[in-house]
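Presented below is the structure to which this report refers.
Everything quoted here is computed from the prediction, not taken from an experiment. Atoms within each ligand, like the ligands themselves, are counted from 1 in listed order.
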Amino acid sequence: MFEHLETLPPDPILGLMAAFRADPDPGKIDLGVGVYRDEQGETPVLDAVRKAEQRLLERQKTKTYVAAGGNAGFNQAMERLTLGDDHPALAASRVRTIQATGGCGALRLGAELLRVAAPDVVVHVSTPTWGNHVPLLSGAGIKLERYPYYDPATGGVRFAAMLEYLDKLPPRSVVLLHASCHNPTGADLSQIQWREVLDLVRRRELIPYLDMAYQGLGDGVTEDAFGVRLFARELPEALIAVSCSKNFGLYRERTGALHVVSSTPAAADAVLSQLVRIARTIYSMPPDHGAAIVQEILADRELREAWLAELGRMRDRILTLRRQTVEHLRKTCPARDFGFIERQKGMFSFLGVSVEQVRKLREQHHIYMTDDSRINIAGLRSESIPRFAQAVSQVLG
Ligand SMILES: Cc1ncc(COP(=O)(O)O)c(C=O)c1O
């Protein structure tokens, strides 16, 4: 059965992680892996999460299965976190939610649903998009196409080109949009641009598939959900995949959800029944712990406030690092404008250097990033930024 199988090459990010671990230099800097890090370079368990876990451990009396749709309390709390307490789509009972194994699981469930609903569906993703979008969606048998998005010349969005592309799509094409903190570019749509995309999506009868993996890490919990809340309010249908990995720091607990907005409550019920069946055919029931933690935090005023404060500190740290990085690069590389790093949002930006220069940063300066020069801003520390800026100026020559 297996003798003819080829060994696949390892994921490049794993190679990068291994090279970083093996590097004995005490000043090495890891900007490759996409997890939040604090000023000590750690990815700690949030205080609110620890407290919620303690309460759960004391209270929990059984480990029997949760339902295929997941923890109903978590699903409801996530609907309110994603859409806001008084969202009209919630009031109209047009939203159904299924607990998922992280944002990846949510994206895959949504892809499977799309294939059931429309086997020939095409999903259009941004150029570039997060690398995992491709296997997660195409693994469900879905065809992917790409719309223009990032403009390396400005560090912003090629908005006119994006609209022009979307304006040619046939009805019921699916457009995957990053809700905020675009990965890998950090280039987000402004609120005015979200409204323009909304008009176009409505006019051309497109289906938005929103991926929100960084709610609260850009401008704020409400601000980062602007496009999601707008689209769910104004459009008959939308898919929204959300992740609790980054904003709750729950990475390994695999916690997320898929919200689907439908045109009527009856259509929404049908969608949920299909999602539950899809989940049953893949893994049957989701894991409990991460979702129970999130439910506990969101249901308790004190824990919720503590979590929002911790999230705010993570966000502020990223904003400060972005500002400090630009300040130092301005001094060390006066001929080049890195101001886009301060305008971009979330954990990632493209430094905009060549593969050769990425290699030099790694080999000569012990600074690790993926070959496309994506940097995880949270991998920097205030004290390492001057060295980073010097190294960039040296490889730029
Ligand atoms: C754009 C995007 N979507 C979704 C995810 C989902 O992550 P997870 O499955 O770890 O929740 C990530 C994580 O890096 C991401 O960057």
Side-chain angles (χ1 to χ4, degrees), residues 11-14 16-17 30-37 43 46 49 70 74 78 81-82 97-112 123-140 144 146 149-150 175-189 208-218 224-225 227-228 239-259 279 282-283 286-287 289-291 293-294 311 314 318 344-350 369-370 372 374-379:
D11 188 327
I13 196 98
L14 297 179
L16 196 68
M17 283 162 76
D30 178 13
L31 306 180
V33 180
V35 299
Y36 176 82
R37 292 186 201 278
T43 307
L46 300 189
V49 166
F74 164 80
M78 288 304 290
L81 181 64
T82 301
T97 298
I98 183 165
Q99 185 186 323
T101 48
C104 288
L107 284 161
R108 182 56 179 258
L109 286 173
E112 299 283 350
V123 177
H124 300 261
V125 300
S126 60
T127 313
T129 194
W130 179 46
N132 260 2
H133 279 150
V134 178
L136 283 171
L137 300 176
S138 58
L144 293 187
R146 291 168 188 279
Y149 188 77
Y150 185 62
V175 184
L176 193 137
L177 297 156
H178 297 228
S180 59
C181 308
H182 188 277
N183 182 4
T185 71
D188 282 351
L189 297 176
Y209 194 165
L210 298 141
D211 180 5
M212 183 155 69
Y214 300 91
Q215 187 181 11
L217 285 164
D224 293 346
V228 166
L239 295 95
I240 309 163
V242 296
S243 164
C244 303
S245 299
K246 313 284 154 97
N247 55 1
F248 286 89
L250 282 173
Y251 308 86
R252 65 170 65 168
E253 300 294 353
R254 310 310 298 132
T255 312
L258 177 74
H259 311 294
I282 309 177
Y283 54 78
H289 194 58
I293 292 168
V294 170
L311 181 58
M314 292 198 260
I318 292 170
Q344 294 171 346
K345 292 287 151 57
M347 288 182 10
F348 304 111
S349 283
F350 276 141
M369 64 190 70
T370 44
D372 56 7
R374 185 192 81 164
I375 54 173
N376 172 10
I377 301 284

Which atom pairs, nitrogen or oxygen on both sides, join ligand 1 and the protein at under 3.5 angstrom?
{"residue": "ligand 1", "atom": "3 (N)", "partner": "Asp211", "partner atom": "OD1", "Å": "3.3"}
{"residue": "ligand 1", "atom": "3 (N)", "partner": "Asp211", "partner atom": "OD2", "Å": "2.6"}
{"residue": "ligand 1", "atom": "9 (O)", "partner": "Gly103", "partner atom": "N", "Å": "3.2"}
{"residue": "ligand 1", "atom": "9 (O)", "partner": "Cys104", "partner atom": "N", "Å": "2.8"}
{"residue": "ligand 1", "atom": "9 (O)", "partner": "Arg254", "partner atom": "NH2", "Å": "2.7"}
{"residue": "ligand 1", "atom": "10 (O)", "partner": "Ser245", "partner atom": "OG", "Å": "3.1"}
{"residue": "ligand 1", "atom": "10 (O)", "partner": "Arg254", "partner atom": "NH1", "Å": "3.1"}
{"residue": "ligand 1", "atom": "11 (O)", "partner": "Gly103", "partner atom": "N", "Å": "2.7"}
{"residue": "ligand 1", "atom": "11 (O)", "partner": "Ser243", "partner atom": "OG", "Å": "2.7"}
{"residue": "ligand 1", "atom": "11 (O)", "partner": "Ser245", "partner atom": "OG", "Å": "2.6"}
{"residue": "ligand 1", "atom": "14 (O)", "partner": "Tyr214", "partner atom": "OH", "Å": "3.4"}
{"residue": "ligand 1", "atom": "14 (O)", "partner": "Lys246", "partner atom": "NZ", "Å": "2.8"}
{"residue": "ligand 1", "atom": "16 (O)", "partner": "Asn183", "partner atom": "ND2", "Å": "2.8"}
{"residue": "ligand 1", "atom": "16 (O)", "partner": "Tyr214", "partner atom": "OH", "Å": "2.7"}

* Minimum heavy-atom separation for Leu250 to Gly290, with atom names? -> CD1-O, 3.8 Å
* Can you name the closest pair of heavy atoms from Leu136 and Arg108 and give their distance? -> O-CD, 3.1 Å
* Structure fact -> For Gln215 and Asn247 the tightest heavy-atom approach is O-ND2, 3.1 Å
* Hey, does His178 have a side-chain heavy atom less than 4.5 Å from the side chain of Lys345? -> no
* Asked: Between Tyr149 and His182, is the ring centre distance below 6.0 Å?
  -> yes
* Leu258 versus Tyr209, closest heavy-atom pair with distance -> CD1-OH, 4.0 Å
